[in-house]
Amino acid sequence: MSNKSFSLGLIALSVLVFGQSVAYAGDLDIGLSNEVAQVSYSQSYNQQAKLQASYLHADTNDNKSTVLGAGVLTSQDNGDLQPRLGAKVFLVDGEGPSNAGYGLALTAGADFSLMPKWVLSADVAYAPKIIMGGDFDGYYELSARCGYQLIKNGSVYVGYQKHQTSSPSYGVYEGVVVGVKFAL
């Protein structure tokens, strides 16, 4: 199923990148650690709406996991605070016969402008049992990042992330991630 998950992720990302000619701006986010590689692309279609596709591959404690997601976000610019809300469909594919699940997660987050060129971001995604399928009864993601705008259309960041399922408990990834984010 891992090859299938990877193929589905590439298809979703391709549709977002090349599928719409009326798009305004996009963001490419690449994050890495010794145990995780992740890529996220979001495409704006007006000032408040974005479509997003993401791919995460983790290899922690000899367990390999893949998480694919595609969703929609809406945001608002309130000066130093930019809150966002959304929803995404996702697929979690872990090693083992009973470590795969899918569902719909509600998302929330915000960017806080600390000083010129410094941004603090926080995001959460949650899917309860009622909107989950597969082997898990729940799923959540937590992330917090501190970023610095290094060049006009690019920033670097360091952050903490946790991707976890419940019932049975399966840790996809928990730890530090460093990365770059480009405005395209």
Side-chain angles (χ1 to χ4, degrees), residues 5-33 36-58 66-92 104-127 139-163 172-173 175-184:
S5 298
F6 181 74
S7 298
L8 289 173
L10 286 177
I11 290 168
L13 192 58
S14 298
V15 167
L16 278 176
V17 173
F18 302 111
Q20 297 290 332
S21 61
V22 295
Y24 292 97
D27 293 316
L28 178 63
D29 184 328
I30 302 169
L32 300 170
S33 78
V36 73
Q38 63 186 22
V39 176
S40 174
Y41 181 79
S42 62
Q43 183 70 56
S44 296
Y45 288 90
N46 62 39
Q47 290 182 346
Q48 288 87 25
K50 286 184 178 183
L51 292 179
Q52 184 177 49
S54 60
Y55 170 81
L56 177 139
H57 180 74
T66 300
V67 179
L68 298 172
V72 62
L73 298 169
T74 184
S75 62
Q76 182 173 333
D77 189 352
N78 295 332
D80 289 343
L81 173 66
Q82 296 89 34
R84 60 187 160 268
L85 295 172
K88 70 178 181 176
V89 292
F90 65 93
L91 168 70
V92 177
L104 174 68
L106 301 177
T107 64
D111 291 336
F112 307 93
S113 296
L114 301 173
M115 300 183 265
K117 297 189 177 194
W118 287 95
V119 175
L120 180 63
S121 297
D123 288 284
V124 62
Y126 176 67
Y139 176 76
Y140 67 91
E141 299 174 5
L142 304 170
S143 72
R145 298 177 173 181
C146 184
Y148 178 74
Q149 183 182 3
L150 193 59
I151 59 175
K152 181 179 178 183
N153 291 332
S155 60
V156 295
Y157 64 84
V158 62
Y160 169 82
Q161 291 183 184
K162 182 173 184 175
H163 299 259
V172 175
Y173 178 72
V176 175
V177 174
V178 296
V180 294
K181 186 173 183 178
F182 303 102
L184 305 173

**Asked** Are any non-hydrogen side-chain atoms of Ser40 and Gln52 less than 4.5 angstrom apart?
**Response** yes
**Request:** Give, for atom CZ of Arg145 and atom CG of Asp123, the distance between the pair rounded to the nearest 0.5 Å.
**Result:** 7.5 Å
**Message:** A side-chain contact here means heavy atoms from C-beta on lying under 4.5 Å apart; do Ser33 and Val176 qualify?
**Reply:** no
**Prompt:** Can you tell me how far CG of Leu85 sits from CD of Gln48, rounded to the nearest 0.5 angstrom?
**Reply:** 12.5 Å
Scan the side chains in residues 107-120 for donor-acceptor partners under 3.5 Å anywhere in the protein, sequence neighbours excluded, and list what turns up.
| unit_1 | atom_1 | unit_2 | atom_2 | d |
| --- | --- | --- | --- | --- |
| Thr107 | OG1 | Gly86 | N | 3.3 |
| Thr107 | OG1 | Gly86 | O | 3.2 |
| Asp111 | OD1 | Arg84 | NH1 | 3.3 |
| Asp111 | OD1 | Arg84 | NH2 | 3.1 |
| Asp111 | OD1 | Ser121 | OG | 2.5 |
| Asp111 | OD2 | Arg84 | NH1 | 3.3 |

**Prompt:** Does some side-chain heavy atom of Glu141 sit less than 4.5 Å from a side-chain heavy atom of Leu56?
**Reply:** no
**Pairwise distance NZ(Lys50) to CD(Gln43) - rounded to 0.5 angstrom** = 9.5 Å
**Item:** Inter-residue atom distance Ser143.OG - Tyr160.OH, 0.5 Å rounding
**Value:** 10.5 Å
**Request:** Taking the side chain as every heavy atom from C-beta outward, state whether Tyr41 and Leu51 have any atom pair closer than 4.5 Å.
**Result:** no
**Interatomic spacing from CG in Asp29 to NZ in Lys181 - rounded to 0.5 Å** = 6.0 Å
**Request:** Mind listing the closest non-hydrogen atom pair of Gln76 and Asn78 along with its distance?
**Result:** NE2-OD1, 3.0 Å
**Item:** Phe90: ring-ring contact (aromatic ring centres under 6.0 Å, His included) partners, not counting sequence neighbours
**Value:** Tyr139
**Request:** State, to 0.1 Å, how close Ala183 and Asp27 come at their nearest heavy-atom pair, and which atoms those are.
**Result:** CA-OD1, 3.6 Å
**Item:** Exercise: identify the closest heavy-atom pair between Tyr55 and Thr66
**Value:** CE1-CG2, 3.6 Å
**Prompt:** Looking at side-chain heavy atoms only, is the closest gap between Val36 and His163 below 4.5 Å?
**Reply:** no
**Message:** Taking the side chain as everything from C-beta on, heavy atoms only, tell me whether Leu28 gets closer than 4.5 Å to Val39.
**Reply:** yes
